[in-house]
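The block underneath contains the structure these notes are about, expressed in structure tokens.
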Amino acid sequence: MSYADEQRREKWLARVPPIGTHLCALDEVGQPGAKGFTFGEGRERFDMFVVRTEKECLAYVNACPHAFTPLETFTDKFLTRKKDQILCTTHGALFNLDDGFCTSGPCAGKSLVTIPIEIVGDQIVIALG
Ligand code: FES
């Protein structure tokens with residue numbers, strides 16, 4: 001990871017909501033599916049999304065490692081039509097659901113920044129990093 005990428009990652013992680021912050025109920029996310037969340041406004045705005053697979057839930061910063069724009073064009077449409085990969089709609093990069101690794105596109109070999117989450121009861125919350 002380059003120094004600039006590391007700096008950007010640290011800046012985003014500093015904006016992750018506090019541990020225990022409620023995101024949504026588990027059944028609000030398709031399986032497989034994804035759902036986006038926004039916290040704060042202006043320069044402090046922070047965008048993230050949750051991906052739910054058959055086995056687990058994961059969360060990522062909603063910023064493509066190519067041009068650092070949000071991945072989705074339409075609300076909560078983060079996945080490919082087959083729902084087997086994450087798609088950046090800006091230039092078509094594809095990412096693994098389970099680790100955010102970019103397998104194809106202009107940022108191939110880079111990864112989305114992961115955010116720790118956990119399931120408490122039937123709710124998804126921010127977890128300890
Ligand atoms: S911004 Fe995501 S592929 Fe270019």
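The residues of the chain are indexed from 1 along the displayed sequence. Whatever order the structure lists ligands and atoms in, that order sets their numbers, starting from 1.
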Quick one: closest heavy-atom pair of L58 and D98, and the distance? CD2-O, 3.3 Å
Which heavy atom of F95 sits nearest to which heavy atom of C88, and what is that distance? CE1-CB, 4.1 Å
Among the N/O/S atoms of H91, atom 4 (Fe) of ligand 1 lies closest to ND1
Under 4.0 Å from a heavy atom of T69: which atoms of ligand 1 are those, numbered in the order shown and with their elements? 1 (S)
Classify the angle between the aromatic ring planes of Y60 and F49 as parallel (below 30°), tilted (30 to 60°) or perpendicular (above 60°). tilted
So, for Q85 and N96, which heavy atoms are closest and what is the spacing to 0.1 Å? NE2-OD1, 4.5 Å
Can you tell me if C64 has an N, O or S atom under 2.8 Å away from atom 2 (Fe) of ligand 1? yes
Applying a 4.0 Å heavy-atom criterion (strictly less than), which segment of C107 is in contact with ligand 1: side chain, backbone, both, or neither? neither
Only heavy atoms of T90, strictly under 4.0 Å: list the atoms of ligand 1 that pass. 1 (S)
I'd like to know whether ligand 1 has G105 as a neighbour, heavy-atom separation below 4.0 Å. no
What's the shortest heavy-atom distance between G109 and F101, and which atoms? O-CE1, 3.3 Å
How far apart are the closest heavy atoms of I117 and L23, and which atoms are they? CG2-CD1, 3.9 Å
Backbone or side chain, does C88 get an N/O/S atom under 2.8 Å to atom 2 (Fe) of ligand 1? yes
Using a strict 4.0 Å cut-off to heavy atoms of A93, name the atoms of ligand 1 that fall inside it. 3 (S)
Suppose I only count heavy atoms of A67 and a 4.0 Å limit; which atoms of ligand 1 are within that range? 1 (S)
For R15 and E44, the nearest pair of non-hydrogen atoms, with its separation, is CD-O, 4.0 Å
Heteroatom of H66 nearest to atom 4 (Fe) of ligand 1 (N, O or S, atom name): ND1
